[in-house]
Number of protein chains: 2
Amino acid sequence: MKRLLERIDREILAAGGKRSRSRAVVIEGFFRARDHVTIEELTRSVRESAPGIGAVTVYRTLKLLERLGYAKELDFGEGARRYESNLSPHHDHLVCRQCGTVIEFKDRGIENLQDLVTRRHGFHPTAHRLEIYGFCRKCAPGNSPERFG
Amino acid sequence: MKRLLERIDREILAAGGKRSRSRAVVIEGFFRARDHVTIEELTRSVRESAPGIGAVTVYRTLKLLERLGYAKELDFGEGARRYESNLSPHHDHLVCRQCGTVIEFKDRGIENLQDLVTRRHGFHPTAHRLEIYGFCRKCAPGNSPERFG
DNA sequence: GATATGATGAAAATGAATTTCATCATCAGA
DNA sequence: TCTGATGATGAAATTCATTTTCATCATATC
Ligand SMILES: [Zn+2]
Ligand SMILES: [Zn+2]
Ligand SMILES: [Zn+2]
Ligand SMILES: [Zn+2]
């Protein structure tokens, strides 16, 4: 973690930026937070240790991390975007509409078929998003997680 | 087309709604429009024949069509949502980031693998979205579509 | 330390989507 | 056909996430 933060620091400096306490707190908070956080969630958690930090700085810092390749913007259609660290390799998501649980999965077969599809259409893919919405095991029809959870 | 509009009309009546000229124009305009339209595009096109129609009515009418199962809401991350008619069977999308072209595709193999993935996680899928972003044949790196278009 | 410039946070602006509300239109019943 | 109840409309107001603005502060460099 320390290594990572130092490395990002160096990249910011190299790009003509300056260090800042607020930003350092946000960055560390982001990598410590559970993945798929909203700006609002992250702001709240970061303010526990540094109450003065404005939500705008969190917005700006996540955009910066995205530009540097350390964060990935997600949109599960909830109104607010979510962010996850981009350190782990690519994956897609199962999103529970009941409890909000997000399950990550990776499927080489699906990715290969996607390549075939794009090739068939002479399309040059640069990114994709695959999200499957529904109900997780706990929330599946028949279970009553809210009651027993 | 006439059949379809009458059928929707009947469903609205059956659900306790009333007929309205504005809404009829929007609905017909929607099914005549090219697919994947934004509210703004549809409003503009609909106003050519019925200038008085407010954008709010277009919003409301598309929500209604979605509720009735005739329209599908899409989000290609452009800020504004897009809508397509839900009459044709399910498909996914290739979206060109240069010219905005949307190519529809259907891949049974991908859908089957998605089923396997969800089953493996005890997840009950109700919907999914798969979009592949990149450059279409015309806009592919090396081509200069804007110049030769 | 002085200076230039990046970073900050509050407030304002933006922009899509939704809600409110007074008015209009449509349907059902008399 | 008239009439009352209620759905639909459009303009304006509202909401809400995100972005921009701007005066001020902090950091790097000389
Ligand atoms: Zn769940
Ligand atoms: Zn993830
Ligand atoms: Zn293109
Ligand atoms: Zn489509």
Side-chain angles (χ1 to χ4, degrees), chain A residues 5-6 8-30 36-44 46-68 71-83, chain B residues 5-6 8-30 36-44 46-68 71-83:
Chain A
L5 300 181
E6 286 170 358
I8 295 176
D9 233 45
R10 278 197 303 278
E11 286 187 30
I12 291 174
L13 284 206
K18 290 175 181 172
R19 262 182 281 263
S20 107
R21 179 71 195 135
S22 295
R23 190 163 55 194
V25 171
V26 175
I27 294 179
E28 176 158 3
F30 173 64
H36 319 121
V37 288
T38 61
I39 295 285
E40 197 267 332
E41 288 167 354
L42 183 54
T43 301
R44 197 144 22 85
V46 139
R47 275 181 171 160
E48 284 173 17
S49 50
I53 292 185
V56 190
T57 295
V58 183
Y59 273 102
R60 282 193 279 233
T61 301
L62 285 187
K63 285 290 181 202
L64 172 63
L65 287 179
E66 199 194 12
R67 250 178 287 130
L68 295 178
K72 219 160 165 339
E73 203 175 79
L74 305 171
D75 179 0
F76 296 156
E78 305 162 294
R81 298 169 192 159
R82 291 183 177 272
Y83 292 85
Chain B
L5 300 182
E6 286 170 357
I8 294 176
D9 232 44
R10 277 198 304 277
E11 287 188 28
I12 291 175
L13 283 208
K18 291 176 183 174
R19 261 182 281 263
S20 108
R21 179 71 195 134
S22 295
R23 189 163 55 193
V25 171
V26 174
I27 294 179
E28 176 158 5
F30 172 64
H36 319 119
V37 287
T38 61
I39 296 285
E40 195 268 335
E41 288 168 354
L42 183 55
T43 303
R44 197 144 23 85
V46 138
R47 275 181 173 161
E48 286 174 15
S49 49
I53 292 185
V56 190
T57 296
V58 182
Y59 274 101
R60 281 192 278 233
T61 302
L62 286 186
K63 285 290 180 202
L64 173 63
L65 287 179
E66 199 193 14
R67 249 179 288 131
L68 295 178
K72 218 163 165 336
E73 203 176 77
L74 305 172
D75 179 359
F76 295 156
E78 306 162 296
R81 297 169 193 159
R82 290 182 178 275
Y83 291 84

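A note on names: the letters A, B, ... follow the listed sequences, proteins ahead of strands, and every chain is numbered from 1.
Counting to the nearest Å, the P atom of C/dC24 and the CD1 atom of B/Ile53 are 18 Å from each other. Taking atom OH of residue B/Tyr59 and atom C1' of nucleotide C/dG15, one finds them 9 Å apart after rounding to whole Å. A/Asp75 places its CG atom 12 Å from the P atom of C/dA17, with the value rounded to the nearest Å. Between the P atom of C/dA16 and the CZ atom of B/Arg60 lies a distance of 18 Å, rounded to the nearest Å. When the P atom of C/dA16 is taken as reference, atom CD of B/Glu41 falls 12 Å away, rounded to whole Å. Distance, A/Asp9 CG to C/dG6 P: 17 Å, rounded to whole Å.
One distance of note links CG of A/Leu13 with CD1 of A/Ile8; it measures 12.0 Å at 0.5 Å rounding.
Within residues 19-26 of chain B, the residues that have a heavy atom under 4.0 Å from DNA chain D are, in order of number, B/Ser20, B/Ser22, B/Arg23.
When each of A/Arg47 and B/Ile39 is assigned the nucleotide of DNA chain C bearing its nearest heavy atom, the one mapping closer to the 5' terminus is A/Arg47. For the pair B/Thr57 and A/Gly79, both in contact range of DNA chain D, the more 5′-proximal nearest nucleotide belongs to B/Thr57.
Of all nucleotides in DNA chain D, those with any atom nearer than 4.0 Å to a heavy atom of chain A start and finish, going 5' to 3', at D/dA17 to D/dA28.
Annotation: side chain to side chain donor-acceptor pair (under 3.5 Å) contacts involving residues 9-25 of chain A, sequence neighbours excluded, comprise A/Asp9-A/Arg19, A/Glu11-A/Tyr70. The side chain to side chain donor-acceptor pair (under 3.5 Å) contacts involving residues 46-56 of chain A comprise nothing, where partners must be two or more places apart or lie in separate chains. For residues 71-81 of chain B, the pairs satisfying salt bridge (Lys or Arg N to Asp or Glu O under 4.0 Å) are B/Lys63-B/Glu73, B/Glu73-B/Arg81, B/Glu78-B/Arg82, with sequence neighbours left out.
What you find for B/Val25 and B/Ala50 is that their closest heavy atoms are CG1-CB, 4.0 Å. For A/Gly29 against A/Val46, the heavy-atom pair with the smallest separation is CA-CG2, 4.2 Å. Heavy atoms only, all atoms of each residue included: B/Ala55 and B/Ile39 are closest at O-CG2, 4.4 Å. In plain terms, the two heavy atoms of B/Leu65 and B/Phe30 that are nearest each other are CD1-CD2, 3.7 Å.
Side-chain contact between B/Arg60 and B/Val56 is present, with at least one heavy-atom pair separated by less than 4.5 Å. The shortest distance between side-chain heavy atoms of A/Arg67 and A/Leu64 falls below 4.5 Å. Looking at heavy atoms from C-beta onward, B/Thr61 lies in side-chain contact with B/Ile27 at the 4.5 angstrom threshold.
Taking the C1' atoms of five terminal pairs at each end of the helix from C/dG1-D/dC30 to C/dA30-D/dT1, the two resulting helix axes are inclined by 20°, rounded to 10°.
Nearest nucleotide to the B/Ala80 side chain, out of C/dA11, C/dA16, C/dT5: C/dA16.
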